[in-house]
Structures are given as C-alpha cells and as structure tokens.
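Okay, structure first, notes after.
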Amino acid sequence: MSQSLATGRPHGLSWEEQLAHVEAIKALKHRYWRACDAKDPRVFRACFIASGASIDYGALGAFDDADKIAEVFTQIALQLVDGRHVILDMHHGMHPDITVHDHGSASGQWTLRFRQVNLVERTETVMSGEYDDEYVVEDGEWKMSKCHFRRSWAITRPLGDDCLVEQ
C-alpha cells in the first residue's frame, strides 16, 4: 500500500474519504451477517463481487465464486421440516480492523461470535472465529472479493427434550 509519509493515509484519500469507505465496508459486512440470519440468499450473494470471489469457510468448503457458496447457503438456511426452519443462526461480528488501500480496494479482519440451533440434530453450537476479507468497489459499491473464515473454537451440545425452541 502506498501511503503519504506525512499523513499515514493512502495517497489521494482525505480522512473524511477514508472514514466514509470504512463505514461503507462495515455496512457491507453487517448486511452480509443480517442476510445470513434472515435466510436471504439474494442479499447474501449480492455482498460478493459478480465473479471470481475467493471464499473459504473451512468445514463448509472453499469456493472460487460466490454463486457456489450461495447455493450451499440456500440449501442449509432454507431447509424446512413441517414448514419450519431447522437451522437457526445468529452472527455477531465485531472488532473490525479495516485498511483502505485506495478508492477501490481495502482489506479487513473481523471477529465472529456465532450461535446455531440445529433442530434436526437437536444441537446448539457456539463458536468464535476470525474473518480475513478483501473488498473492492464494483459498480459503485463495496463488495467482498475475498472472505476467508478460520474457526478459533466451538462448543456443540445437545438440546434436551425439555428445551423449547420458538420461531
């Protein structure tokens, strides 16, 4: 990254521009997590570049295009039994560390707190991990061009018969 030695900012970016880019990237990542929890494959897919994204979600797989992970997401998130969703997710992203390289590229790291209730397997999973992302501007909007997730730890426990899950 080329930076001005006097300001520590990328050449050609004011503090206001840099802050606006960081806030737009935060909004993108938040939109991505809300789409995951809302089970919205269209919005989920729209968070990535049109083609060629590098995606690695560990156990869920590695993909060279967002269409493939959007298909996996749709199969998991929209699975129904007796008209009810059977996979319930909660994504909480925090600790963003975003570096704007120029007007059209940036990188970032995030920490994820994740919780999933699986009504088929009758389990609850709590997990923490780290995202390593790259972002580019495509058609005037920030999009993810790389989204790699590394799990730090997870706990999976059974849901007892006395556990009531409401939707």
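None of these values were measured; they are calculated from a predicted model.
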Side-chain donor-acceptor pairs under 3.5 Å in residues 53-61, sequence neighbours left out?
from : atom 1 : to   : atom 2 : distance (Å)
S54  : OG     : H148 : NE2    : 2.7
D56  : OD1    : G58  : N      : 3.0
Y57  : OH     : Y32  : OH     : 2.5

Got a list of side-chain donor-acceptor pairs under 3.5 Å for residues 89-96, not counting sequence neighbours?
from : atom 1 : to   : atom 2 : distance (Å)
D89  : OD1    : Q116 : NE2    : 2.9
H91  : ND1    : D37  : OD1    : 2.6

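L80 and I76 fall into different hydrophobic clusters, where Ile, Leu, Val, Met, Phe, Trp and Tyr are joined by side-chain heavy atoms under 4.5 Å apart, directly or via other members. Note on V165 and V86: same hydrophobic cluster, where clusters join Ile, Leu, Val, Met, Phe, Trp and Tyr whose side-chain heavy atoms are under 4.5 Å apart, directly or indirectly. Under the 4.5 Å side-chain heavy-atom criterion for Ile, Leu, Val, Met, Phe, Trp and Tyr, V81 and I87 are members of the same hydrophobic cluster.
Residues passing the side chain to side chain donor-acceptor pair (under 3.5 Å) test with Q79, sequence neighbours excluded: none.
Side-chain contact between L28 and M144: present, with at least one pair of heavy atoms (C-beta onward) separated by less than 4.5 Å. In this structure, the side chains of L112 and E130 stay at 4.5 Å or more apart for every pair of heavy atoms. Two residues are said to be in side-chain contact when any heavy atoms from C-beta on lie closer than 4.5 Å; T125 and R115 fail this criterion. Here the side chains of K146 and D133 are not in contact, with every heavy-atom distance at 4.5 Å or above. Counting heavy atoms from C-beta outward, H101 and S107 have side chains that approach closer than 4.5 Å. Annotation: side chain of H21 is in contact with side chain of L13 (closest heavy-atom distance under 4.5 Å).
Here I49 sits in one hydrophobic cluster together with V136; the rule is ILVMFWY side chains under 4.5 Å apart, joined directly or through other members. The other residues sharing a hydrophobic cluster with W153 are V126, I155, where clustering joins ILVMFWY side chains under 4.5 Å apart.
Distance check, rounded to the nearest 0.5 Å: CG of L119 to CD of E121 gives 10.5 Å. The OG1 atom of T99 sits 9.5 Å away from atom CD1 of I25, with the distance rounded to the nearest 0.5 Å. Here the straight-line distance linking atom NZ of K39 with atom CZ of F73 works out to 7.0 Å at 0.5 Å rounding.
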Exercise for the section: Could you go through the side-chain contact (heavy atoms from CB on, under 4.5 Å) check for I69 and F44 one step at a time? Expected result: CA-CA 10 Å; I69 188 61; F44 174 89; 4.0 Å; yes

Practice task
Could you check R31 against V43 for side-chain contact (heavy atoms from CB on, under 4.5 Å), going step by step and ending with a plain yes or no?
Solution key: CA-CA 8 Å; R31 189 166 48 253; V43 172; 3.8 Å; yes

Exercise for the section: Go through the steps to decide whether R34 and C47 satisfy the test side-chain contact (heavy atoms from CB on, under 4.5 Å), and finish with yes or no. Expected result: CA-CA 11 Å; R34 281 193 313 273; C47 292; over 6 Å; no

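Within a 6.0 Å sphere centred on CZ of R151, heavy atoms belonging to other residues, nucleotides or ligands number 12 at most. Residue D139 places its CG atom among 12 or fewer non-hydrogen atoms of other residues, nucleotides or ligands, all under 6.0 Å distant.
Here the side chain of R122 pairs no donor or acceptor atom with the backbone of V117 at under 3.5 angstrom. With D65 contributing its side chain and D67 its backbone, the two residues share a donor-acceptor pair below 3.5 Å.
A salt bridge links E23 with K26: at least one charged nitrogen is closer than 4.0 Å to a carboxylate oxygen.
Closest heavy-atom contact between A24 and W142: CB-CD1, 3.6 Å. The minimum heavy-atom distance between A77 and H85, with the atom names listed, is O-ND1, 3.4 Å. The nearest pair of heavy atoms linking F48 to C147 is CE2-CB, 3.8 Å. The minimum heavy-atom distance linking A50 with E138 is given by the pair N-OE1, 2.8 Å.
Checking each of Y135, W33, Y131 against W110 for a ring pair (Phe, Tyr, Trp, His ring centres under 6.0 Å) leaves exactly one that passes, namely W33.
Each side chain to side chain donor-acceptor pair (under 3.5 Å) pair with one or both residues in residues 157-167, not counting sequence neighbours, appears once here: E124-R157.
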